[in-house]
Enquirer: 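Sharing a structure below in C-alpha cells format, with a few things to ask.
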Amino acid sequence: MRRSQLFAETLRQAPADADAPGYQFLLRGGFVQPLAAGIFTYLPLGMRVKEKVERIMREEMNAIGGQEVVMPVVHPAELWQETGRWYSIGPELARFTARGDRQMVLAMTHEEVIADLLRRQVQSYRQLPIMLYQIQTKFRDEPRARGGMIRAREFTMKDAYSADAGEEGLDRSYRDQYEAYFRIFRRAGIEPVVVGADVGIMGGSGADEFMAILPIGEDQILLCEACGYAANRQIATFRKPQPGAEQQASLEEVATPDAATIAELAAFLGIPESETAKATFFMAGDRFIFAVVRGDMEVNETKLANAVGAADLRPARPEELAGTGIVAGYASPIGVHGVTVVVDDLVAASPNLVAGANREGYHLRNTNYGRDYTADIVTDIASAYAGAPCPRCGEPMRMERAVEVGNIFKLGTRFTEPLGVTFLDEEGREKPIIMGSYGIGVDRLIGVVAEVHHDEKGLIWPESIAPFQVYLVGLDLDDEAVLAAADTLYTQLQARRVEVLYDDRHERAGVKFNDADLLGIPLRITVSRRTVAQAAAEVKRRSETATRLVPLEEVDEMLAAHAEAPVTVGNI
RNA sequence: CGGGGUGUGGCGCAGUUUGGUAGCGCGCCUGCUUUGGGAGCAGGAGGUCCCCGGUUCAAAUCCGGGCACCCCGACCA
C-alpha cells in the first residue's frame, strides 16, 4: 500500500478529549474515529490490526475444536424474558420497538441465543460436547463510556460457548479455553494475570477474569506474590486480624459532638479506627440493608449483595432512613428495626467496639455482638486492601489496577434450565445441557495493547498484530535513481508477500519518520540518495534506536528469512 | 444518577469577566525555494461561535431551557 493512497490522516496534536496515551496515538495515527461516546469507526489501519487480532482468535479457537458461527445482533425480547434477564438487567440492555409493536433488544451478549440454538439442534448426548464461537458486535448502553477503546458501548467480542453433558465435560472445556486464552493474549503481546471473579449477571458456579495490569484499569485486583493467590477485589478475601481478647465491658454512652465520621470519632476519643464499628446503609430493591464493618475497613458491595442475595445494591438515600431508628453519622445496629442487619465476621468477634448510639452527637463504648445486638447475617463483607494479609499464606498482598480483557464462566444450567435446553443421556434420561461462556473484547484488547506498547513518539505494535510489517520510507524521490530503487524494493517486498506501507509522499524526512514512529510499524526501511549511493537501504526496528545498512539486493531475502518467527501472522 | 469541566474552521486554542459583528498556531490549496527527524517566503480557501428561546440598537460574550463531550464517583460478563 502506498502511503499517498492510504486513508489515514495523521494528527500532530491529540484531540483534547482523549486522555490515555495509547488511545491518543490510535486517534492521531488514524486507526479509529469516534462517532459518539464509546462508538467507533475502524479506519483502514485499525481494521488491519483488528483483522489480525481476530485471526489469532480464530486460530486458537479452532485449535481447541471451536466452530465459528455468527448470531444476530437484534434479538426478540421474548427470549430475554424467558431467562428473566429482560427484567433483571437495567438500561444497559438497549431495547427498542420494531414494526407492529414488537419488542426487540440489541445483543449485549449471546447466551440466550446460543441456548436457543442448542435447544433447537441438540437432542442426544451423542452430539456433545459442542464448542461454538463467534466474533460479533455487542451493544451495551454503559452509563459511562470511558478510556477510549477500553470501555466502549458498541464493541466487538469474541465469545465462545461450550455445551457439555456433565460437569467433567465442562471442566475440560473450561480448561481448554483457559489455555487458549493465554495463547491468544501472549500472541497479541500482553501478559495477563488470571483472577477469581464474581459471576455477576451471568450466574453460574465459577468465573475467572484475565486482567491486564494498567494504571488506567477500572478494576482492582489483589495479588499475593508469595503463594500466587489472585482475585478481583470484588470477591477477594483476606486473613482477618485476630480480634482482641479482653473481657466484655459494660455499655457506656459518650458524647461525641461533631464526630460523624470514623476518622473524627477515632481522633476525638484518641483510639485507633480498628476499635470502632462503621455502619453503612444500602437498598436492595425495597429492602433496607444495614451493613457493619470494623472502622478501619470498607464494605465490599459485591460481597454484601451476594450475602443478602440481591442482584443490585445502591446506597440508601437520607429520606429512606426515616422510621428505622438510624441516625446517620451516629449509627449502630443497636435500636434499629425493620432492616436487614449484616455484620462482618470480624466485628462480631471483636469485643468492646465503639459504635453509634443512634442519637445525634453520641456514641456507645463497649458494644458487643450477641450481648447488645444481633444480626440477620454474620459473614465476610469487608473489602480487601493493599497490604491485606493473603487468605492462603498470610503474606501482605499487592493491589493493582487492571483492565479485564477476557473472562471465562462456568454457567452450568443457568440458561439451559429456564429455556428447557435438554438432551437424552445414555440411559434415555432428559437432562439440561451444561454450558460455559468465554469472552474476549477485541477492541478492548487492541486498546490495551496500545496502552502497553508505545513510547513518547507513538505506538510500537507487536509484529503479530501490526497493521503492516514494514514502513518503507522513500526520501529524495525526485532523484530518478532513488525513486527507481525505492519502487523496486517496494515491488520486491510485495512479491515476497511482505505487508509494506510505502511512504511515497512529497514530504520531508522528518514528517515521514515521525509518521513511521506514530504508526508503530515494526520495521522501518529507508531508501534515500545517501543509501542508494551505497546500494543499500537503512533498516531500523521501531522498538530499537539502532539503524543498519543492508545491501538492497539482500533486503527482501532478509525479510523472507524473518518469516519463520512463530508468533507472526502474514509473511514477514 | 450525583459532583466538576468543556463546546469557537479538520486538530489544538485565545476571545466571554467589561456586549460592538471572530482571531492565533498547526493542518489544507497554489506558486517559488528547500530536502535525513514535524521547512521558509508569498498568496488563498475554510466558521449556523453546540441548539432553541429571551434581553438589547447590537449577543461567541448577558439570562433561561435543552443537547453533546470529557473527568471523578456510582454502575459494569
Side-chain angles (χ1 to χ4, degrees), chain A residues 9-20 23-24 27-28 30 33-39 85 89-93 107-111 138 140-148 150-153 155 157-161 197-204 206-210 216-219 232 234 282 301-302 305 311-315 317 403-411 414-415 436-441 444 457-458 473-479 482 503 505-518 524 526-533 538 540 545 547:
Chain A
E9 304 311 314
T10 53
L11 296 173
R12 296 199 181 186
Q13 284 172 297
D17 52 12
D19 53 331
Y23 177 47
Q24 289 184 354
L27 293 175
R28 283 186 51 203
Q33 173 73 55
L35 175 66
I39 302 180
R85 293 209 290 186
I89 297 179
E92 61 270 26
L93 176 61
M108 60 187 291
T109 171
H110 281 83
E111 280 79 17
K138 306 270 193 273
R140 292 183 193 174
D141 201 354
E142 299 285 356
R144 183 183 159 203
R146 67 179 123 187
I150 305 283
R151 186 167 196 76
R153 287 193 296 166
F155 55 98
M157 173 165 282
K158 188 290 304 165
D159 45 328
Y161 304 89
D198 183 53
V199 293
I201 67 165
M202 304 300 307
D208 287 296
E209 293 173 335
F210 289 73
I216 62 163
E218 302 179 85
D219 282 290
N232 193 306
Q234 291 182 321
F282 296 90
E301 287 190 37
T302 304
D312 207 20
L313 221 52
R314 64 166 174 80
R317 288 188 284 268
V403 175
E404 179 189 344
V405 287
N407 53 43
I408 52 179
F409 286 90
K410 289 186 179 179
L411 296 178
R414 164 66 183 85
F415 294 92
S437 120
Y438 316 92
I440 299 179
R444 179 177 285 192
K457 303 283 283 185
V473 178
L475 302 179
D476 312 315
L477 294 181
D478 49 347
D479 181 323
V482 178
D503 197 338
R505 298 173 301 172
H506 291 289
E507 290 287 354
R508 297 167 65 83
V511 172
K512 296 189 181 189
F513 289 147
N514 278 298
D515 256 16
D517 289 342
L518 176 60
R524 187 184 84 191
T526 306
V527 174
S528 68
R529 192 173 282 135
R530 189 190 293 177
T531 68
V532 168
E538 178 194 87
K540 177 185 173 296
T545 55
T547 62

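Below, chains carry the letters A, B, ... as their sequence lines are ordered, and counting in each starts from 1.
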Enquirer: Taking atom C1' in both B:G12 and B:G27, what distance in whole Å separates the two?
Expert: 11 Å
Enquirer: May I have the distance from A:Ile89 (atom CD1) to B:C75 (atom P), rounded to whole angstrom?
Expert: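 Taking CD1 of A:Ile89 and P of B:C75, I get 17 Å after rounding.
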Enquirer: Can you identify which nucleotide, out of B:C11, B:C69, B:G37, has its nearest atom closest to the A:Ala36 side chain?
Expert: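 Selected nucleotide: B:C69.
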Enquirer: Does A:Arg151 contact B:C76 through a side-chain donor or acceptor facing the base, at a distance under 3.5 Å?
Expert: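 Indeed there is one.
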Enquirer: Confirm from the modelled atom types if A:Ser437 and B:A77 form a donor-acceptor pair under 3.5 Å, side chain to base only.
Expert: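 No pair found.
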Enquirer: Students often get this wrong, so: under 4.0 angstrom with heavy atoms, is A:Ala18 touching a base, only sugar-phosphate, or nothing?
Expert: nothing
Enquirer: Whether the side chain of A:Asp517 and the base of B:G37 hold a donor-acceptor pair under 3.5 Å is what I'd like checked.
Expert: yes
Enquirer: Nearest to the side chain of A:Glu218, heavy atoms from C-beta on, is which of B:G38, B:C75, B:U34?
Expert: B:C75
Enquirer: Could you tell me how far B:G47 sits from B:U56 if I compare only their P atoms? Round to whole Å.
Expert: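 It works out to 32 Å between them.
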Enquirer: Using every non-hydrogen atom in the two residues, find where A:Tyr438 and A:Phe409 come nearest and quote the distance to one decimal.
Expert: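 In terms of heavy atoms, the two residues are closest at CE2-O, 4.3 Å.
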Enquirer: Counting C-beta onward and ignoring hydrogens, is there a side-chain heavy-atom pair between A:Arg151 and A:Arg144 closer than 4.5 Å?
Expert: no
Enquirer: Between A:Arg530 and A:Asp476, does at least one N-O distance fall below 4.0 Å, as a salt bridge requires?
Expert: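 Between A:Asp476 and A:Arg530 there is no salt bridge, as every charged N stays at least 4.0 Å from the carboxylate O atoms.
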Enquirer: Can you figure out which of B:G36, B:C69, B:C75 approaches the side chain of A:Glu301 most closely?
Expert: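 Per side-chain heavy atoms of A:Glu301, the pick is B:C75.
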Enquirer: Looking only at atom P, what distance separates B:C24 and B:G9, rounded to whole Å?
Expert: 14 Å
Enquirer: Return the nearest nucleotide to the side chain of A:Ala509; candidates are B:A77, B:G36, B:G37.
Expert: B:G36
Enquirer: Look only at the side chain of A:Glu209 and the backbone of A:Glu404, and say whether a donor-acceptor pair between them is shorter than 3.5 Å.
Expert: no
Enquirer: On a whole-Å scale, what distance lies between the C1' atoms belonging to B:C52 and B:C70?
Expert: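 Here B:C52 and B:C70 have their C1' atoms 24 Å from each other.
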Enquirer: Contact class for A:Thr547 vs. all strands (heavy atom < 4.0 Å): base, sugar-phosphate, or nothing?
Expert: nothing
Enquirer: Under the 3.5 Å rule, do the base of B:G27 and the side chain of A:Gln13 count as making a donor-acceptor pair?
Expert: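 Under the 3.5 Å cut-off, the side chain and the base do not form any donor-acceptor pair.
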Enquirer: Which nucleotide, if any, forms a Watson-Crick or G-U wobble pair with B:U16, using both distances under 3.5 Å?
Expert: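 B:U16 is paired with nothing.
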Enquirer: Could you check whether the side chain of A:Arg314 and the base of B:A74 have a donor-acceptor pair of N or O atoms closer than 3.5 Å, going by distance alone?
Expert: no
Enquirer: Go through the N and O atoms of the side chain of A:Arg524 and the base of B:G37, and report whether any donor-acceptor pair is under 3.5 Å.
Expert: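 Checked by distance alone, the answer is yes.
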Enquirer: Can you tell me the pairing partner of B:G36 across any strand shown, Watson-Crick or G-U wobble, with both distances under 3.5 angstrom?
Expert: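 Across all strands, not a single nucleotide pairs with B:G36.
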Enquirer: Mind checking who B:U61 pairs with, Watson-Crick or G-U wobble, both distances under 3.5 Å?
Expert: none
Enquirer: Toward the 5' end of RNA chain B, which comes first, A:Thr531 or A:Glu209, by nearest nucleotide?
Expert: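 Looking at the nearest nucleotide for each, A:Thr531 comes out on the 5' side.
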Enquirer: Sort out the partner of B:G27 for me: Watson-Crick or G-U wobble, both distances under 3.5 Å, none otherwise.
Expert: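 When the pairing criteria are applied, nothing turns out to pair with B:G27, so the answer is none.
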Enquirer: Whole-Å distance between B:C76 C1' and A:Phe409 CZ?
Expert: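 Going from A:Phe409 (CZ) to B:C76 (C1'), I get 11 Å.
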Enquirer: I want to verify a distance call: between B:A39, B:A77, B:C13, whose nearest atom is closest to the A:Arg508 side chain?
Expert: B:A39
Enquirer: For A:Gln24 and B:G12, give me the distance from atom CD to atom P, rounded to whole Å.
Expert: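 Distance, rounded to whole Å: 11 Å.
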Enquirer: Both distances below 3.5 Å, Watson-Crick or wobble geometry, any strand: find the nucleotide opposite B:A68.
Expert: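 By the stated definition (distances under 3.5 Å), B:U6 pairs with B:A68.
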Enquirer: CZ of A:Arg529 versus P of B:U34: gap in Å, rounded?
Expert: 12 Å
Enquirer: Which of the following nucleotides, B:G38, B:C70, B:C71, is nearest to the side chain of A:Arg144?
Expert: B:C71
Enquirer: Work out how far the P atom of B:C32 is from that of B:C62, and round it to whole angstrom.
Expert: 48 Å
Enquirer: Considering Watson-Crick and G-U wobble pairs with both distances under 3.5 Å, what does B:C1 pair with?
Expert: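 Because both required distances fall under 3.5 Å, B:C1 counts as paired with B:G73.
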Enquirer: Quote, to the nearest angstrom, the P distance that separates B:C67 from B:G23.
Expert: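 B:C67 and B:G23 have their P atoms separated by 33 Å.
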Enquirer: Would a distance-only check, ignoring hydrogens and angles, find a side-chain to backbone donor-acceptor pair under 3.5 Å from A:Lys512 to A:Gly474?
Expert: yes
Enquirer: Nearest nucleotide by nearest heavy atom, which residue falls closer to the 5' end of RNA chain B, A:Ala14 or A:Tyr438?
Expert: A:Ala14
Enquirer: In whole angstroms, how far is the P atom of B:G12 from the CG atom of A:Asp19?
Expert: 14 Å
Enquirer: Does any N or O in the side chain of A:Asp503 come within less than 3.5 Å of the main-chain N or O of A:Arg505, such that one atom is a donor and the other an acceptor?
Expert: yes
Enquirer: Once hydrogens and angles are ignored, does a donor-acceptor distance under 3.5 Å link the base of B:G38 to the side chain of A:Arg28?
Expert: yes
Enquirer: Assign A:Arg140 to base, sugar-phosphate, or nothing according to its heavy-atom contacts below 4.0 angstrom with the strands shown.
Expert: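 The residue A:Arg140 makes base contact.
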Enquirer: Could you check which of B:C69, B:G38, B:C11 has an atom nearest any side-chain atom of A:Pro15?
Expert: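 That would be B:C11.
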Enquirer: Using atom C1' in both nucleotides, what's the gap between B:A77 and B:G5 to the nearest angstrom?
Expert: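 About 32 Å, rounded to a whole number of Å.
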Enquirer: Just checking A:Glu404: base, sugar-phosphate only, or nothing, at a heavy-atom cut-off of under 4.0 Å?
Expert: sugar-phosphate
Enquirer: With the side chain of A:Arg12 defined as its heavy atoms from C-beta on, choose the nearest nucleotide among B:C26, B:C71, B:C13.
Expert: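 It is B:C26.
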Enquirer: Do you know which of A:Asp515, A:Thr526, A:Val527 makes side chain to side chain contact (heavy atoms under 4.5 Å, CB included) with A:Val473?
Expert: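 Passing option: A:Thr526.
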Enquirer: Write down the distance separating the C1' atoms in B:G36 and B:G46, rounded off to the nearest Å.
Expert: 34 Å
Enquirer: Which of these nucleotides, B:G36, B:A77, B:C75, is closest to any side-chain atom of A:Pro143?
Expert: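 Output: B:C75.
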Enquirer: Okay, side chain of A:Arg153, backbone of A:Ala37: is any donor-acceptor separation there less than 3.5 Å?
Expert: yes
Enquirer: What is the distance, to the nearest angstrom, from the CE atom on A:Met157 to the C1' atom on B:A77?
Expert: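 Answer to the nearest Å: 7 Å.
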Enquirer: Would you mind reading off the distance between A:His506 atom NE2 and B:G27 atom P, rounded to a whole angstrom?
Expert: 18 Å
Enquirer: Distance alone, cut at 3.5 Å: any donor-acceptor contact between the side chains of A:Glu111 and A:Ser437?
Expert: yes
Enquirer: Would you mind telling me which of B:C69, B:C75, B:G38 lies closest to the side-chain atoms of A:Asp17?
Expert: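 Of all the options, the side chain of A:Asp17 is nearest to B:C69.
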Enquirer: Atom CG of A:Leu477 to atom C1' of B:U35: distance rounded to whole Å?
Expert: 11 Å
